[in-house]
Amino acid sequence: MKLLPKSRKRVARGLSVWVSNHYCPTLFGIRGKYESSYKSGQYVESGSPGTGFFVRNSSSRTYKAFCKNERQKLLPTYWDMVRNKEFSFDRELARVEAAQNEAGIDKWRAMILESYVNVLPMAKEAEEAERIVEGIKELSHRRHRLSSYQTHVMSSFKSKIARLGHDVRSIQLHVPDMCSEERYQHFGAVVVAFSQVAASHRIWSVRANYSGLESSFMQVYFDLGIFNYIQAPLMTPMMRDAEGYRYFFYPEFVVKSKDAVDFSVHSLKELNFLFREVPYDMVSNMVIDSYYDRENTEDVSTHIHRRNYEQFGDGLLVNKDTKALNEIEEENKMRERVVGELYVPELNLRYYVRDFKSLKAFVTTLNRYQTEL
C-alpha cells in the first residue's frame with residue numbers, strides 16, 4: 001500500500017531520485033507528442049491510457065468548462081493514491097485477461113482486447129520512465145543545474161521512451177488494416193462530416209429507458225478521439241450519450257464503451273442511422289432555453305433530473321402524432337426554425353442537434369458509406 005506521494009528510487013549507479021508514486025498520464029502510443037499537443041488538439045485521457053479525446057477549438061463556454069473538468073479528473077490526489085483508486089496497470093491487465101476468457105467473445109472484441117493487453121506492458125514501462133525523468137528534472141530545481149552524468153541518465157530514459165514508442169507501432173491495431181484502402185478513403189468522408197457536427201454548440205442526448213415516468217436529457221459533446229490505442233490516420237469519431245457511454249466509429253463497426261474493458265462491438269452495416277427535421281416549436285422549450293442559461297455559466301453539470309417528459313411524446317416532441325412532421329410542406333419547412341434529430345434504434349440512441357444541416361449531411365454521408373458494406 002502506498003503511503004507517501006514519492007519514494008526514493010535508484011535509477012542508475014550512484015544516482016537515486018525521488019520518484020512520484022502517482023500514476024502519470026502520458027501520450028505514449030497516441031499520435032506522437034507534437035501532433036497530440038498541437039496539430040490534433042490537446043489530448044485528454046479518459047479513465048485509462050490509450051483512450052481519450054482531442055480538444056477542439058471552440059468558442060462554447062460549456063465545452064471549455066467540460067474539457068477543464070475532464071483535465072481536472074487527471075490530477076493526482078493523495079486520498080485516491082492511498083485508497084488505490086488511481087489507475088493501475090497490473091489491475092487493468094488482470095481485467096483484460098478476465099475479459100479475454102469470457103465465453104462467446106466475438107471476433108472484433110477479442111482482437112481489440114488482444115491488442116490492448118499487448119500494449120499495456122510497454123505503456124507501463126514508458127509511464128515509469130516518464131516519472132523517473134520528472135524525478136531527475138526536479139534535481140535541477142534544488143541544484144539549479146544537472147551534472148553531465150545526471151543529464152546522461154535522463155537522456156537514456158528519454159531514449160527508452162522513444163524506443164518503446166517506436167516498437168509499439170508494430171503491435172497496435174491500425175484502422176487501415178481492417179479494410180481495403182479504397183473503403184478507408186471513403187470512410188474519410190464520414191470522418192469529415194462528423195467533425196462538422198461535432199462543432200455544433202448544442203447537442204442533447206435523451207436518457208433512454210429511464211425508470212417510471214421520469215425522463216431527462218443531457219447536453220453532450222462529440223469529439224475525435226482514440227480507443228484502446230487503436231491508431232487511425234484520419235482520427236476516430238466519438239459520440240457521448242446521457243448514460244456515460246462513448247461510441248467510437250470505425251470502417252467496419254462501432255464500439256460502445258463504458259471503459260477500456262467494458263465495451264461491446266456492433267457491426268456498422270447492421271445499424272440504422274435515422275434523421276429527420278423537427279420544427280423548433282414542437283420541441284420542449286425547456287431543452288432549448290436551458291442552453292442559454294448554461295452558456296453564461298461555468299457550470300458543467302448540464303444534467304436535468306426528475307423532469308416528466310411523457311407529455312412530449314416520442315423523444316422530446318410535444319406532439320405525439322409524429323405523422324404531422326411529414327405533412328409540413330417543404331416551402332413552410334424552409335421558413336421554420338428546426339432542429340435535427342438522430343435516432344439509432346439498435347443502440348437506443350436519440351440526439352437533438354441545433355445545427356440540423358451538418359447533422360443531415362453526416363447521416364447522409366454515413367448512410368451512403370453503409371451501402372458499400
Query raised in the report: Centre of Tyr63's six-membered ring, under 6.0 Å away, within 45 degrees of the axis: is that where NZ or CZ of Arg56 sits?
Result: yes
Query raised in the report: Are Lys256 and Tyr245 in a cation-pi setup, meaning NZ or CZ lies under 6.0 angstrom from the ring centre and within 45 degrees of the ring axis?
Result: yes
Query raised in the report: Within a strict 4.5 Å, meaning less than it, do heavy atoms of the Val55 and Arg71 side chains meet?
Result: yes
Query raised in the report: Would a hydrophobic clustering, with Ile, Leu, Val, Met, Phe, Trp and Tyr connected at side-chain separations under 4.5 Å, put Leu4 with Val82?
Result: no
**Report entry** Ser170 side-chain N/O to Asp167 backbone N/O, donor-acceptor pair under 3.5 Å
**Finding:** yes
Report summary line: Result for ring pair (Phe, Tyr, Trp, His ring centres under 6.0 Å) between Trp108 and one of Phe248, Phe263, Phe253, Phe227 points to Phe253
Query raised in the report: Given side chains that start at C-beta, do those of Leu15 and Tyr149 come closer than 4.5 Å, heavy atoms only?
Result: yes
**Report entry** Heavy-atom closest pair, residues Ile105 and Ala99
**Finding:** CD1-O, 3.8 Å
Query raised in the report: Rounded to the nearest 0.5 Å, how far apart are CD1 of Ile230 and OG1 of Thr51?
Result: 8.0 Å
Requested in this report: Using side chain to side chain donor-acceptor pair (under 3.5 Å) as the criterion, point out the one residue from Glu127, Glu134, Glu128 that pairs with Arg131.
Outcome: Glu127
Query raised in the report: Under 4.0 Å between a Lys/Arg side-chain N and an Asp/Glu carboxylate O for Asp262 and Arg95?
Result: no
Query raised in the report: Between Phe222, Tyr343, Tyr247, which is the residue that forms a ring pair (Phe, Tyr, Trp, His ring centres under 6.0 Å) with Tyr351?
Result: Phe222
Query raised in the report: Do Glu372 and His186 pass the side-chain hydrogen bond (donor to acceptor under 3.5 Å, both in side chains) test, and can you show the C-alpha distance, the side-chain angles, and the key distance before you say yes or no?
Result: CA-CA 9 Å; Glu372 301 178 9; His186 291 173; 3.0 Å; yes
Query raised in the report: If you look at every heavy atom in Asn367 and Gln370, which pair is closest and at what distance?
Result: OD1-OE1, 3.1 Å
**Report entry** Reported SG-to-CG distance for the pair Cys24 and Leu74, which is rounded to 0.5 angstrom
**Finding:** 10.0 Å
Requested in this report: First locate atom CD1 of Ile30, then atom CD1 of Ile226, and finally report the distance between them rounded to the nearest 0.5 Å.
Outcome: 4.5 Å
Query raised in the report: In terms of heavy-atom contacts, does NZ of Lys258 have more than 12 from other residues, nucleotides or ligands at under 6.0 Å?
Result: yes
Requested in this report: Could you check Lys107 against Val265 for side-chain contact (heavy atoms from CB on, under 4.5 Å), going step by step and ending with a plain yes or no?
Outcome: CA-CA 9 Å; Lys107 178 187 71 173; Val265 182; over 6 Å; no
Query - Geometric cation-pi criterion Arg240 and Tyr221, 6.0 Å radius, 45° cone - result: no
Report task. Could you check Lys357 against Gln196 for side-chain contact (heavy atoms from CB on, under 4.5 Å), going step by step and ending with a plain yes or no? Result -> CA-CA 10 Å; Lys357 292 182 179 179; Gln196 297 298 318; over 6 Å; no
Requested in this report: State whether the number of non-hydrogen atoms from other residues, nucleotides or ligands found under 6.0 Å of Asn57 atom CG is greater than 12.
Outcome: no
Query raised in the report: Quick one: do Leu366 and Val192 end up in the same hydrophobic cluster if we chain Ile, Leu, Val, Met, Phe, Trp and Tyr together by side-chain heavy atoms under 4.5 Å apart?
Result: no
Query raised in the report: Taking all atoms of both residues into account, what is the closest heavy-atom pair of Ile112 and Leu173, and its distance?
Result: CA-CD1, 3.9 Å
Query raised in the report: Can you find a heavy atom in the side chain of His22 that is under 4.5 Å from one in the side chain of Pro5?
Result: yes
Query raised in the report: Are the side chains of Asn348 and Glu243 in touch, meaning some heavy atoms are under 4.5 Å apart?
Result: no
Report task. Drop me the distance from Leu27's CG to Glu45's CD, to the nearest 0.5 angstrom. Result -> 9.0 Å
**Report entry** Expected output: side-chain Asp259 to main-chain Val261 donor-acceptor under 3.5 Å
**Finding:** yes
Requested in this report: Check whether any side-chain heavy atom of Arg83 sits under 4.5 Å from a side-chain heavy atom of Glu86, and report yes or no.
Outcome: no
Query raised in the report: Can you check side-chain contact (heavy atoms from CB on, under 4.5 Å) on Glu270 and Glu346, steps first, answer last?
Result: CA-CA 8 Å; Glu270 296 177 359; Glu346 294 80 8; over 6 Å; no
Query raised in the report: Do the two ring centres, one from Phe87 and one from Phe89, sit under 6.0 Å apart?
Result: yes
Query raised in the report: Between Tyr369 (side chain) and Pro251 (backbone), is there a donor-acceptor pair under 3.5 Å?
Result: yes
Requested in this report: Kindly indicate whether the side chain of Ser115, heavy atoms from C-beta on, has any atom under 4.5 Å from the side chain of Tyr229.
Outcome: no
Query raised in the report: Can you list the steps and then say if Gln42 with Cys67 is a side-chain contact (heavy atoms from CB on, under 4.5 Å)?
Result: CA-CA 10 Å; Gln42 186 183 52; Cys67 294; over 6 Å; no
Report task. Check whether any side-chain N or O of Gln150 sits under 3.5 Å from a backbone N or O of Arg145 as a donor-acceptor pair, and report yes or no. Result -> no
Query raised in the report: Heavy atoms, side chains only, cut-off 4.5 Å: are Pro237 and Phe362 in contact?
Result: no
Requested in this report: Say whether Leu234 and Met239 are linked into one hydrophobic cluster, either directly or through other cluster members, by side-chain heavy-atom distances under 4.5 angstrom.
Outcome: yes
Query raised in the report: Do the side chain of Thr364 and the main chain of Ala361 share a donor and acceptor less than 3.5 angstrom apart?
Result: no
Report summary line: One should read off an interatomic distance between Ile171 CD1 and Met122 CE, to the nearest 0.5 angstrom, of 5.0 Å
Query raised in the report: With under 30° as parallel and over 60° as perpendicular, where do the rings of Phe249 and Phe194 fit, or are they tilted in between?
Result: tilted
**Report entry** Which atom of Phe54 lies closest to which atom of Met235, heavy atoms considered
**Finding:** CD1-CE, 3.3 Å
Query raised in the report: Between the side chain of Gln172 and the main-chain N/O of Val119, is any donor-acceptor distance below 3.5 Å?
Result: no
Query raised in the report: Could you give the distance from OG (Ser267) to CD (Glu252), rounded to the nearest 0.5 Å?
Result: 7.5 Å
**Report entry** Glu182 atom CD, over 12 foreign heavy atoms within 6.0 Å
**Finding:** no
Query - Over 12 non-hydrogen atoms of neighbours within 6.0 angstrom of NE2 in His152 - result: no
Requested in this report: Flag the pair Gln231 / Arg169 as yes when at least one side-chain heavy-atom distance between them is below 4.5 Å, and no otherwise.
Outcome: no
**Report entry** hydrophobic_cluster_shared for Val190 and Leu274, side chain cutoff 4.5 Å
**Finding:** no
**Report entry** Nearest non-hydrogen partners of Ser205 and Ala242, listed with the distance
**Finding:** OG-N, 2.9 Å
Query raised in the report: Which pair of non-hydrogen atoms, one from Glu341 and one from Arg350, has the smallest distance, and what is that distance?
Result: OE2-NH1, 3.1 Å
Query raised in the report: Got a donor-acceptor contact below 3.5 angstrom from the Arg354 side chain to the His201 backbone?
Result: no
